[in-house]
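Right, one structure below, let's go through it.
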Amino acid sequence: MSNRGGFSDRLGFVAAAAGSAIGLGSIWKFPFEVGSNGGAAFVLVYVLCCFVFCFPIMLAEVAIGRKTHKNAVGAFGVLGFKQWSIIGKLGLVSGVLILSFYNVVSGWAFGFFIEIMRGNFGIGKEFSTFISDIPLMTTYSALFMVMTAFIVARGISGGIEKATKIMIPALFVILIGLMLYAFSLDHALTGLKFYLVPDFSKITFKVIYSALGQAFFSLSLGMGALITYGSYFSRDNNIVSSSVIIIAATISIAFIAGLMMFPFVAYISQGTMQGVGSGPGLIFTVLPGVFESFGTTLGIIVGGSFFLLLSFAALTSTVSLLEVPVAYLVDEYKWDRQKTVWGVALFIFLIGIPSMLSSGASPFFTEFITYLGATKATDFLTFVQHIANDTFLPLGGFMISIFTAYYWKKENLDAELTAGNEGYANSWVRPLVHIAVSFVCPIILGIIFVLTVLDRFFGIALV
Ligand code: PHE
């Protein structure tokens, strides 16, 4: 391999990619998406999307990266399809947009860690005041961006891999501990029922596209993060089984986060599940009250570790988001890695300021846009999520499947997936992956993409 660096072994890649996947998407977003989109019905559609649409796209992304040892834009040129580097460019834009608001929310998580450590459990009730306190939020999100840049600046094996190998197992342990505790609370069963008993009448078109956007977002797909990470992965390793592990780990964390969250909501609302659809504030408003009920010392220990680990989970995702533009600039323009890391981090931090202002501090950004046919305005941070997560990521996935099936060709995908996995050529997975990338993904993702844009932004509901 060239001097770009690389993961030291298979576990390094799996930890980093799972670290990218597992983050605010699984722990912060998943429970509130479930809460606002009909509970278990959403969970089912989400899991289905992960396996049917996301798994084949993940294979294609990692294979493209590993084959070329190049960033998300340059990879397409190396394969001989320079005009398709538009996929990578769209990915860069998505990545920059996502990191800009993601860093703001990570700042909330980190801020909550500090407040809980100081014994301030009232912070849950003051959530909206807290996130509109601009000097404080600027400090926390700047701090978070510095931590992200610090890790990325240390490189692939010495920075990203090392950090994720420690943080991801720790996250599993604390979440399982919290879940078990949640089971023991009053009304736990009511919460679990809301979460686990599906009501199929709730599966509307909105549920499907939210679940699809969530699946792409939570698996870090459609924007080149996995092309980039794949480019640091060695050819003697198995892409297929690694991808299965990454998806299984992500779904498990999201699922466990739900198993913890809904009994907590039931407990705090005394079984009424009131507030379950309260949106982005869900974990921030509900959890501090729960931790308070443990008594001060235990509350600080458990609550502090929860928000610290949430911050860690976010950090292993922000590093992957920052690595995408950094790898691009370093590979293509031979920029100095250190300077690029810090420069790009500063740039994205600045782009995130409107998102920071959109939770009350600035009326303009808080009521940023009213979609056609909508009755309520959408704030800037949510608007960016709608554009990047729900629109660009599935569009990126759509284009990657077309590119892989009809331009790069399935034989080349097969060859890359067989490297490090001799059995792949004759396995039953291969024909299914072919059908998925050639037909299922392009057709279904294409249709859902068009319908989503019409429905969400123009108020035109065709189904
Ligand atoms: N998957 C991350 C999460 O769920 C977010 C992310 C999206 C990271 C896209 C990288 C690329 O939190």
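Just so you know, ligand 1 is whichever comes first in the structure, and atom 1 is the first atom listed for that ligand.
- The two residues Ile22 and Ser317 come nearest to each other via the heavy atoms O-OG, 3.1 Å.
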Where does ligand 1 get N/O contacts under 3.5 Å from the protein, atom by atom?
from	atom 1	to	atom 2	distance (Å)
ligand 1	1 (N)	Ser20	O	3.1
ligand 1	1 (N)	Ala21	O	2.9
ligand 1	1 (N)	Phe217	O	2.8
ligand 1	1 (N)	Ser218	O	3.3
ligand 1	1 (N)	Ser220	OG	3.0
ligand 1	4 (O)	Ala21	O	2.9
ligand 1	4 (O)	Gly25	N	3.2
ligand 1	12 (O)	Leu24	N	3.1
ligand 1	12 (O)	Gly25	N	2.8
ligand 1	12 (O)	Tyr102	OH	2.4

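- Asp455 is linked by a salt bridge (Lys or Arg N to Asp or Glu O under 4.0 Å) to nothing, counting only residues two or more places apart in sequence or in another chain.
- Checking each of Val326, Val152, Leu99 against Val319 for a side chain to side chain contact (heavy atoms under 4.5 Å, CB included) leaves exactly one that passes, namely Val152.
- By the ring-ring contact (aromatic ring centres under 6.0 Å, His included) test, Tyr195 pairs with Phe255, Phe262, sequence neighbours left out.
- Across every non-hydrogen atom of Gly25 and Tyr102, the tightest pair is N-OH, 4.1 Å.
- Applying the side chain to side chain donor-acceptor pair (under 3.5 Å) test to pairs two or more places apart or on separate chains, those with a residue in residues 152-164 are Ser8-Glu161, Glu161-Lys165.
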